[in-house]
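The next block holds one structure in the form of structure tokens; read it before the comments.
A, B, ... follow the sequence lines: proteins, then strands. Residue 1 opens every chain. Remember, it's a predicted structure, so these values are computed and weren't measured experimentally.
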Number of protein chains: 2
Amino acid sequence: MQSLPECQADDHEDNRAIPLPDEISCNTAAALFRALGEPSRLQLAIILAQQEMCVTQLAKIVNDSLPSISQRLKLLKAERIVTSRREGKHVFYKLDDDHIAQLIRNAVEHAGEK
Amino acid sequence: MQSLPECQADDHEDNRAIPLPDEISCNTAAALFRALGEPSRLQLAIILAQQEMCVTQLAKIVNDSLPSISQRLKLLKAERIVTSRREGKHVFYKLDDDHIAQLIRNAVEHAGEK
DNA sequence: AATTCAATTAAACAATTGCTGAATTGATGA
DNA sequence: TCATCAATTCAGCAATTGTTTAATTGAATT
């Protein structure tokens, strides 16, 4: 009987053909995904994709404490998912750019296909 | 002196205007992000976006143990990021669809802007 | 300057996650 | 059937993460 084709990678010595994705790109891109990879943070991002909002408003809407919201926003901001501006006592957040909005739309779309 | 405009959300009672993103969507989309939100898993996804590959090959390329790779792939598969097919002793994985490839490209692009 | 409200930060704790080595399953060939 | 190789599963451990309460910072008003 004819045997099945051997695993192509038995030429284990030659990895030249497949360049590893560079480590820094992986790390920073993964950090971006990780920031959005938590329901409560993603929820904030989705809300802020619709309209700019201050921390207190967000806390009311999602019914959670200020420190929680603030910490989530801090992480989202570190990954440049949201930007903030202060206006008097309030700090307003919004989505950084359409790039991110597109990313979120794609993910929600994919998730919806289940 | 003119005082700064009040926070728009002092009408705290009326949240009708801002519908909460539905919880299930948030959870499933977040799960997708979380799966990609780990450098070693994202690395696998990026490699598999370029070509189909079996577990042993992947282990060689990223220089890690079979159980590690297998567990990562399992999670990626659970989120429908990759698909697998068995061929004899080997199980080959590849990216599920271009949807995901696009998602990854966007993220890497965004990360590169830093 | 003192008060008040918004937001952030800090520290401690609980829960989740990823990794490691051993055991197990699946499939082929002797 | 037995031996072998690929892949998965399992259980225990270490590290990371998210939450909570309290304390602190920042800005405006009196």
Side-chain angles (χ1 to χ4, degrees), chain A residues 1-10 12 26-27 30-31 33-45 48 52-79 82-94, chain B residues 1-10 12 26-27 30-31 33-45 48 52-79 82-94:
Chain A
M1 175 204 175
Q2 170 96 24
S3 67
L4 286 166
E6 264 308 305
C7 176
Q8 295 161 342
D10 280 345
H12 285 318
C26 270
N27 288 344
F33 280 128
R34 186 172 52 237
L36 293 170
E38 219 260 336
S40 54
R41 279 197 302 265
L42 180 59
Q43 186 186 31
L44 289 184
L48 294 174
E52 192 181 47
M53 213 173 283
C54 76
V55 186
T56 306
Q57 277 176 297
L58 287 168
K60 282 274 175 185
I61 289 176
V62 306
N63 190 35
D64 212 325
S65 69
L66 280 182
S68 292
I69 306 295
S70 185
Q71 286 178 108
R72 290 170 198 158
L73 290 170
K74 185 182 180 182
L75 216 161
L76 291 175
K77 193 179 175 182
E79 296 308 324
V82 300
T83 57
S84 67
R85 70 182 172 84
R86 180 175 273 274
E87 189 177 308
K89 295 179 185 173
H90 294 275
V91 178
F92 287 88
Y93 285 83
K94 67 172 181 184
Chain B
M1 174 204 174
Q2 170 95 26
S3 68
L4 287 167
E6 266 306 305
C7 177
Q8 294 160 341
D10 279 345
H12 283 319
C26 270
N27 287 344
F33 281 129
R34 187 172 53 236
L36 294 169
E38 219 259 336
S40 55
R41 278 197 301 264
L42 180 58
Q43 186 186 31
L44 289 184
L48 294 175
E52 192 181 46
M53 212 172 284
C54 76
V55 185
T56 307
Q57 278 176 295
L58 286 168
K60 283 275 174 188
I61 289 177
V62 307
N63 191 34
D64 213 325
S65 70
L66 281 182
S68 291
I69 305 295
S70 186
Q71 281 170 353
R72 289 170 199 156
L73 290 170
K74 184 182 179 182
L75 216 161
L76 291 175
K77 194 178 175 183
E79 296 308 323
V82 301
T83 58
S84 67
R85 71 183 171 86
R86 182 175 271 273
E87 188 177 310
K89 294 180 187 172
H90 293 274
V91 178
F92 287 89
Y93 285 84
K94 67 172 182 183

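- Listed for the B:Gln57 side chain is a donor-acceptor partner under 3.5 Å among the backbone atoms of B:Cys54.
- For the pair A:Arg41 (side chain) and A:Ala35 (backbone), a donor-acceptor distance under 3.5 Å is present.
- Side-chain nitrogen and oxygen atoms of A:Arg41 include at least one within less than 4.0 Å of the OP1 or OP2 phosphate oxygen of D:dG18.
- When each of D:dT8, D:dA27, D:dG18 is scored by its nearest atom to the side-chain atoms of A:Lys89, the top-ranked nucleotide is D:dA27.
- Rounded to an integer number of Å, the gap from CZ of B:Arg34 to P of D:dT16 is 18 Å.
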Check nucleotides 9-12 of chain D against the protein and report each pair of N or O atoms closer than 3.5 Å, with its distance, or say if there are none.
from: D:dC10; atom 1: N4; to: B:Gln71; atom 2: NE2; distance (Å): 2.8

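- D:dT19 atom C1' lies 15 Å from atom CG of A:Asn63, rounded to whole Å.
- In this structure, A:Leu75 places its CG atom 15 Å from P of D:dT16, rounding to the nearest Å.
- Between B:Lys77 and B:Glu79 there is no salt bridge, since no side-chain N of the basic residue sits under 4.0 Å from a carboxylate O of the acidic one.
- When all heavy atoms of A:Tyr93 and A:Leu48 are compared, the pair lying nearest together is O-CD2, 3.3 Å.
- Atom CZ of B:Phe92 is separated from atom P of D:dA6 by 11 Å (rounded to the nearest Å).
- To the nearest angstrom, P of C:dG18 lies 12 Å from CG of B:Leu36.
- Applying the 4.0 Å criterion to OP1 and OP2 of D:dA6, one finds that B:Tyr93 has every side-chain N and O outside that range.
- Of the candidate nucleotides D:dT19, D:dT8, C:dC19, D:dT19 has the atom lying nearest to any side-chain atom of A:Ser40.
- Atom CG in B:Leu44 sits roughly 10 Å away from atom P in C:dC19 (whole-Å rounding).
- Computed from coordinates, the A:Leu73 CG to C:dT9 P distance equals 11 Å when rounded to whole Å.
- Qualifying salt bridge (Lys or Arg N to Asp or Glu O under 4.0 Å) partners for B:Arg72, counting only residues two or more places apart in sequence or in other chains: B:Asp64.
- Scanning all heavy atoms of the two residues, the minimum distance from B:Val91 to B:Ser84 falls at CG1-CB, 3.8 Å.
- At the phosphate of C:dC19, OP1 or OP2 sits under 4.0 Å from a side-chain N or O atom of B:Arg72.
- One atom, NE2 of B:His90, and another, P of D:dT8, lie 12 Å apart when rounded to the nearest Å.
- Taking all atoms of both residues into account, the shortest heavy-atom contact from A:Leu73 to A:Val82 is O-CG2, 4.0 Å.
- Toward the 5′ end of DNA chain D lies the nearest nucleotide of A:Asp64, the other residue of the pair A:Arg86 and A:Asp64 mapping further downstream.
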